[in-house]
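Below: the structure, in structure tokens.
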2 protein chains.
Amino acid sequence: MNIGEIARRAGVARSTVSYALTGKRPVSEETRQRIQAVIEELNYRPNAAARALKEGRTRTIGLVIPPASRRLTDMQLGFVATVVDAAARADLDVLLSPSGGEHERSFERVVTGRRVDGVILMEIRLEDDRVTRLRQSGLPFVGIGRTSHPEDMTWVDVDYETLISQCVHHLADLGHRNIALVNRSAELVAAGYGPGHRAQAGFTRAVAQRDLHGVHACCADDAQAGLSCVERLLAEHPELTAIATINETAITGMYRALAQAGLAVPKDFSIAGVAAQNLAENLDPPLTSADVPTIELGARAVELLIQRIADPGSPHRHLLAAPPISLRGTTGPARPRA
Amino acid sequence: MNIGEIARRAGVARSTVSYALTGKRPVSEETRQRIQAVIEELNYRPNAAARALKEGRTRTIGLVIPPASRRLTDMQLGFVATVVDAAARADLDVLLSPSGGEHERSFERVVTGRRVDGVILMEIRLEDDRVTRLRQSGLPFVGIGRTSHPEDMTWVDVDYETLISQCVHHLADLGHRNIALVNRSAELVAAGYGPGHRAQAGFTRAVAQRDLHGVHACCADDAQAGLSCVERLLAEHPELTAIATINETAITGMYRALAQAGLAVPKDFSIAGVAAQNLAENLDPPLTSADVPTIELGARAVELLIQRIADPGSPHRHLLAAPPISLRGTTGPARPRA
DNA sequence: GATCTAGGTCGAACCGATTCGGCGAACCGG
DNA sequence: CCGGTTCGCCGAATCGGTTCGACCTAGATC
């Protein structure tokens, strides 16, 4: 069921079938219809591998995600979903590649076997080997996230630094003077995970600007960790009245710790954060947060990648999102504890 | 940077390079090392498209997921993660294909363009066009889920019928006599979504066996819907004292509705369900549920698919999982309301 | 010493598409 | 009636691998 078979049955040359399909050269209406009929009868579809071989492109993009073992955050899920969606809309297929740890081979295959025309890279570290590898391979790529030298790559990212700073300012405006930042896991931050570092930078900056007392805590990405982390914070820092966080996954645990400590939100304690809108809205109570526009960012990443594939020499572009904070009722006037 | 270049620099024929790489024919140790040196120097990797073209297989599997627009349930996420993981372990790449609605083209491309060696199909309907298409295309595939004629396809599935039945029996053992089943969304059930129908069947059966009063309700897949659904149930059926559910995503909303109605769980009201373990454990309170072994099922699906690709004529195999119910404290003795 | 076997290598065909140069027929103006 | 275009189509080369048959050499067998 190859192009030769179609050509034979339609009584034309293989090249004519090809031209009839791609329209790259004129084919008489009559011939085209004859070919089309045969194609539909046999339900023929060109072999992707053969086409890729000849054309030098695969019409596929790679999406490099954090290792599958770790549960993805709601935000990451949002990115994956919209990237897949946007790619499908552009008639591109998406090859999923878990990276990190034991899955190094998968990444290598994708990058170096010319299986994809370009790559979207998620969860980028400040210093990231994968970025280096991609750069030297010459494969077009777009980051969702950025390294510490973001000028010479194309990316979209969430401006955690500004957003956490705004959260702190918002809390300070409400009278809070003792605020904790609940970050992502210690390993992730230690590994140079960008959002973790930038959130911390924004936190430190805002705390200094408003002359506050700030506490920084890392917390693994699950509810249980959120619970014990906040339990510990409350015990060790009785002066705390508010939390700012970028750790979506731990939030339900934080809520639980506060409830168990007899602290009502937002009456006794305030929380503000950066999260996927979908998650923030569905929490109980709904979280006051900067809603990351995953749909727009994911779609833009695909768009930028398509441009980059079309013209690899074009200048790098960047998109830094700093959505406004949606007040949903987990922040209120400060009220001293104990 | 193709095999010819390597051959030239190593002073051998292209076929020798190929044999050195695949080991399908003996190559002298000396030659092999010379070739290996050149390969490493140039960082050569065989072109995937060329290999796929000649070998007739792509070393890639397709994973057909529900449309990306809809948020995946925790269970579905678990499946995706473990499928990707298991595939990577077997040195297979995963091509993601959102199906349904506007993404028909994506599915067609994957199935008919010979882009993949096999397909894993998620969220299968009782009558499913995609199964029909796959069957007639001759492409090996494995379902996570099954149609109403499950004998002639290979699948792994969760035994919702048995599990919901067990939930009802468990509740009945605790003295509950008026129980509601909160199903997935009405559209999904109307579209013939298997788990929805099978859960309903199991519910009806158990209710009859124990001579209970059962109420069936559909509920969209989000917390808000869970809230309003349970609000409505409580209002229209004041006799209800327990809920059984397969709608993971709506559970937090159900909790909220009960809390707002002043009903404590499990003192005043019981809930039992089928859910991803990860989710059930992290709810507050943790949900008494049958924990679906997504890791095992996902990995088995990949395993079955690999077998099927190796030997397409082999008999179909099935795996129906009915994990025991983990008692986590959302069910207790019945206590009449009002 | 002739024959056989096995190891090691080469050259050519092949997978299924795309694409380029060219060829014949129809058509045009002069 | 002739030279030049244009249109529609064909044939062959090509992409980068794998694989099969054939060949050569060296060592084993009798």
Side-chain angles (χ1 to χ4, degrees), chain A residues 1-36 38-39 42-60 91 93 109 111-117 137-139, chain B residues 1-36 38-39 42-60 91 93 109 111-117 137-139:
Chain A
M1 199 105 35
N2 55 23
I3 201 174
E5 179 71 16
I6 305 296
R8 200 171 320 120
R9 298 212 190 195
V12 297
R14 300 193 303 155
S15 50
T16 305
V17 176
S18 180
Y19 290 127
L21 280 173
T22 63
K24 293 188 181 177
R25 277 197 191 177
V27 171
S28 76
E29 189 52 31
E30 185 206 331
T31 313
R32 144 168 294 126
Q33 289 189 359
R34 193 149 30 93
I35 292 173
Q36 196 57 43
V38 177
I39 284 178
L42 270 62
N43 194 30
Y44 162 80
R45 215 74 53 179
N47 180 306
R51 176 182 296 201
L53 176 58
K54 178 60 184 166
E55 285 190 332
R57 60 170 180 158
T58 59
R59 298 166 190 269
T60 304
D91 278 335
D93 286 323
R109 264 205 312 274
V111 171
T112 189
R114 274 154 295 181
R115 302 183 66 89
V116 298
D117 297 336
S137 80
L139 199 60
Chain B
M1 199 106 29
N2 55 23
I3 202 174
E5 178 72 15
I6 305 295
R8 200 171 319 120
R9 299 211 189 196
V12 297
R14 298 193 303 152
S15 50
T16 305
V17 177
S18 180
Y19 290 127
L21 279 173
T22 62
K24 294 190 179 174
R25 277 197 192 177
V27 171
S28 76
E29 188 53 28
E30 185 207 331
T31 314
R32 146 171 292 127
Q33 289 188 359
R34 195 149 30 93
I35 292 172
Q36 197 56 43
V38 177
I39 284 179
L42 271 61
N43 193 30
Y44 164 79
R45 216 71 56 177
N47 179 306
R51 174 180 296 192
L53 176 58
K54 176 60 183 174
E55 285 190 333
R57 62 172 177 155
T58 59
R59 300 165 189 269
T60 304
D91 278 334
D93 286 321
R109 263 204 312 274
V111 171
T112 190
R114 274 152 296 179
R115 300 184 67 87
V116 297
D117 297 337
S137 81
L139 199 60

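Every chain is numbered from 1 and lettered A, B, ... according to where its sequence line falls, protein lines coming before strand lines. Here the structure is a predicted model, which is why all the values come from computation and not from measurement.
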Heavy-atom pair with the smallest gap, counting every atom of Val27(A) and Ala20(A)
CG2-N, 3.8 Å

I'd like to check the side chain to side chain contact (heavy atoms under 4.5 Å, CB included) partners of Leu53(A); sequence neighbours left out, ordered by chain and number.
Ala49(B), Ala50(B), Leu53(B)

Rounded to the nearest angstrom, tell me the gap between atom CG in Asn47(B) and atom P in dG16(D).
7 Å

All pairs passing salt bridge (charged side-chain N to carboxylate O under 4.0 Å, His left out) where residues 48-57 of chain B contributes a residue, at least two apart
Glu55(B)-Arg57(B), Glu55(B)-Arg59(B)

Without decimals, in angstroms, what is the distance between Ile3(A) CD1 and dC15(D) C1'?
15 Å

Tell me every residue that passes side chain to side chain donor-acceptor pair (under 3.5 Å) with Thr22(B), counting only those two or more places apart in sequence or in another chain.
none

Provide, to the nearest angstrom, the distance between the CG atom belonging to Leu53(A) and the C1' atom belonging to dT18(D).
12 Å

Do Arg109(B) and Asp91(A) come close enough that some side-chain heavy atom pair is under 4.5 Å?
yes

Which two nucleotides bound the region of DNA chain C that has atoms under 4.0 Å from heavy atoms of chain B, read 5' to 3'?
dG8(C) to dG16(C)

Which residue lies more 5' along DNA chain C, comparing Ala50(B) with Val27(B) via nearest heavy atoms
Val27(B)

Enumerate the residues from residues 6-19 of chain B whose closest heavy atom to DNA chain D is under 4.0 Å, giving them by residue number; use none for an empty result.
Arg14(B), Ser15(B), Ser18(B), Tyr19(B)

Note: Ile3(A) and Val17(A) closest approach over all heavy atoms is CG1-CG1, 3.6 Å

Does Pro26(A) reach a base, just sugar-phosphate, or nothing at all? Heavy atoms under 4.0 Å.
sugar-phosphate

Those residues at least two apart in sequence (or on a different chain) that pass side chain to side chain donor-acceptor pair (under 3.5 Å) with Ser18(A) are none

Under the salt bridge (charged side-chain N to carboxylate O under 4.0 Å, His left out) rule, collect the residues that match up with Arg115(B), sequence neighbours excluded.
Asp93(A)

Kindly write out the residues that satisfy side chain to side chain donor-acceptor pair (under 3.5 Å) with Arg8(A), not counting sequence neighbours, or none if the list is empty.
Glu5(A)

Main chain of Arg45(B), side chain of Arg114(A): is a donor-acceptor contact present, judged purely on distance under 3.5 Å?
yes

What are the residues of residues 28-35 of chain A, sorted by number, that bring a heavy atom to within less than 4.0 Å of DNA chain D?
Ser28(A), Thr31(A)

To the nearest Å, give me how far apart OH (Tyr44(B)) and C1' (dG16(D)) are.
7 Å

Shortest non-hydrogen contact between Ile39(A) and Ile6(A), atoms and distance
CG1-CG2, 3.8 Å

Partners of Asn47(A) by side chain to side chain donor-acceptor pair (under 3.5 Å), sequence neighbours excluded?
none

Side-chain donor or acceptor of Arg25(B) under 3.5 Å from a matching atom on the base of dG21(D)?
yes

Quantify the bending of the helix from dG1(C)-dC30(D) to dG30(C)-dC1(D) as the angle between its end axes, each fitted on five pairs, to 10°.
40°

Between CZ of Arg115(A) and P of dG16(D) the distance, given in whole Å, is 17 Å

Residues pairing under salt bridge (charged side-chain N to carboxylate O under 4.0 Å, His left out) where one sits in residues 13-31 of chain B, two or more places apart or in two chains, turn out to be none

Are Lys54(B) and dG16(D) close enough that a side-chain N or O sits under 4.0 Å from OP1 or OP2?
no

Atom of Thr31(A), atom of Val12(A) and distance for their closest heavy-atom approach:
CG2-CG1, 3.7 Å

